[in-house]
2 protein chains.
Amino acid sequence: MQDLTSCACTGKTLPRLLRPVILSVLSNGDSHGYAITGRLGHLAFFADQPPDHTGVYRALQSMEKEGLILSDWEHSRTGPGKRCYRLTPKGGACLKKWKQTLEEYKRTIDTLLASL
Amino acid sequence: MQDLTSCACTGKTLPRLLRPVILSVLSNGDSHGYAITGRLGHLAFFADQPPDHTGVYRALQSMEKEGLILSDWEHSRTGPGKRCYRLTPKGGACLKKWKQTLEEYKRTIDTLLASL
DNA sequence: CTCCAATATGTGACCTAATCACATATATAG
DNA sequence: CTATATATGTGATTAGGTCACATATTGGAG
């Protein structure tokens with residue numbers, strides 16, 4: 001590392017908070033990987049560095065394994081099939097917990113910033 | 001995962017922001033791994049789940065490789081030797097950048113929380 | 001004197017999350 | 001027929017973190 005452009009301090013290695021974002025999207029209506037990825041590209045946080053779709057698909061897979069979401073194949077006449085995901089009650093509980101955790105995390109960052 | 005106690009939503013997998021915390025500590029005076037680890041255990045964020053010392057030592061090693069910090073052995077009459085770390089100018093610049101990044105990250109979380 | 005605790009540093013193995021590169025398939029527009 | 005948008009997926013690598021293990025010094029309790 002010659003300069004700081006690839007340093008963690010640039011935020012490039014900070015987690016994209018993919019899981020809570022996905023849960024949030026699904027709480028506003030069922031969706032699928034490609035659409036979710038596209039939506040993230042429009043959020044300010046992801047605008048300059050939209051997340052690789054790989055992460056979204058793998059997050060969806062593991063979240064389904066954990067029982068937070070469920071999927072069904074949706075075959076419309078146009079385009080390839082979509083794996084349509086929806087929240088489970090457990091996923092809803094997880095989303096609630098995320099809210100608490102993120103509030104706490106924000107307080108942590110505030111404390112840290114105060115000491116910088 | 002039967003319940004949500006080991007889910008990412010609990011914040012256990014959120015990054016501990018070790019690097020900026022270490023830089024912050026060092027900006028307030030030279031220190032070494034064991035002392036830094038101990039200090040983290042007293043912070044509210046780490047209180048219930050203090051970071052493993054392994055992460056601290058490895059962060060220090062990689063940050064030294066990257067030129068953010070420098071170390072010298074300090075042999076006092078009492079106890080084992082300490083590897084005493086101090087900030088380099090580059091480390092100071094990194095710390096400044098972290099400040100911007102964390103402000104941005106906080107805004108992201110605010111936006112996300114608003115949609116939860 | 002011996003053993004234990006506090007201080008202090010380190011390695012190996014493993015896990016999670018993220019990204020890069022690659023691979024595949026359908027339907028429509030030109 | 002070919003390019004583009006839509007749509008899903010795997011393999012390899014890296015970063016960061018935890019658990020378990022290993023080692024060394026010093027001072028105090030028994």
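A note on names: the letters A, B, ... follow the listed sequences, proteins ahead of strands, and every chain is numbered from 1.
For K12(B) and dC19(D), the NZ to C1' distance is 15 Å, given to the nearest whole Å. K65(A) places its NZ atom 10 Å from the P atom of dT16(C), with the value rounded to the nearest Å. For F46(A) and dA17(C), the CZ to P distance is 15 Å, given to the nearest whole Å. Between the CG atom of L14(A) and the C1' atom of dA15(D) there is a distance of 12 Å, given to the nearest Å. A straight line from CG of L60(A) to P of dA18(C) spans 12 Å, rounded to a whole angstrom.
For H42(A), the NE2 atom sits in a loose shell: 12 or fewer heavy atoms of surrounding residues, nucleotides or ligands are nearer than 6.0 Å.
Remark: S31(A) engages no residue in a side-chain hydrogen bond (donor to acceptor under 3.5 Å, both in side chains) (not counting sequence neighbours). Every residue two or more places apart in sequence or in another chain that forms a salt bridge (Lys or Arg N to Asp or Glu O under 4.0 Å) with D72(B) is listed here: R86(B).
A heavy atom closer than 4.0 Å to some atom of DNA chain D occurs in no member of residues 92-116 of chain A.
In this pair, H53(A) and Y57(A) present their aromatic rings perpendicular. The plane angle is above 60°, beyond the 30 to 60° band.
There is no path of hydrophobic side-chain contacts, each under 4.5 Å, that joins Y85(B) to Y34(B). If you chain together hydrophobic residues whose side chains sit under 4.5 Å apart, L116(A) and L68(B) fall into the same group.
S71(B) pairs with exactly one of Q61(B), H32(B), E64(B) by the side chain to side chain donor-acceptor pair (under 3.5 Å) rule, that one being E64(B).
Within the 4.0 Å cut-off from OP1 or OP2 of dG17(D), not a single side-chain nitrogen or oxygen of T13(B) is found. Taking only side-chain nitrogens and oxygens, R19(A) never comes nearer than 4.0 Å to OP1 or OP2 of dT16(C).
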* **Verdict with reasoning, K99(B) to E104(B), per salt bridge (charged side-chain N to carboxylate O under 4.0 Å, His left out)** => CA-CA 9 Å; K99(B) 191 163 184 165; E104(B) 228 178 280; over 6 Å; no
So which protein nitrogen or oxygen atoms get under 3.5 Å of nucleotides 1-4 of chain D's nitrogens or oxygens?
none

* Scan nucleotides 7-14 of chain D nucleotide by nucleotide, 5' to 3', and note B when protein non-hydrogen atoms come under 4.0 Å of the base, S if they reach only the sugar-phosphate, - if neither. => BBBBBB--
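F45(A) is not listed as a side-chain neighbour of T111(B), based on a closest heavy-atom distance of 4.5 Å or more.
When hydrophobic residues (I, L, V, M, F, W, Y) are linked wherever their side-chain heavy atoms come within less than 4.5 Å, L70(B) remains an isolated member.
A cation-pi arrangement is absent between R16(B) and F46(B), since the terminal nitrogen or guanidinium carbon is not both under 6.0 Å from the aromatic centre and inside a 45° cone about the axis.
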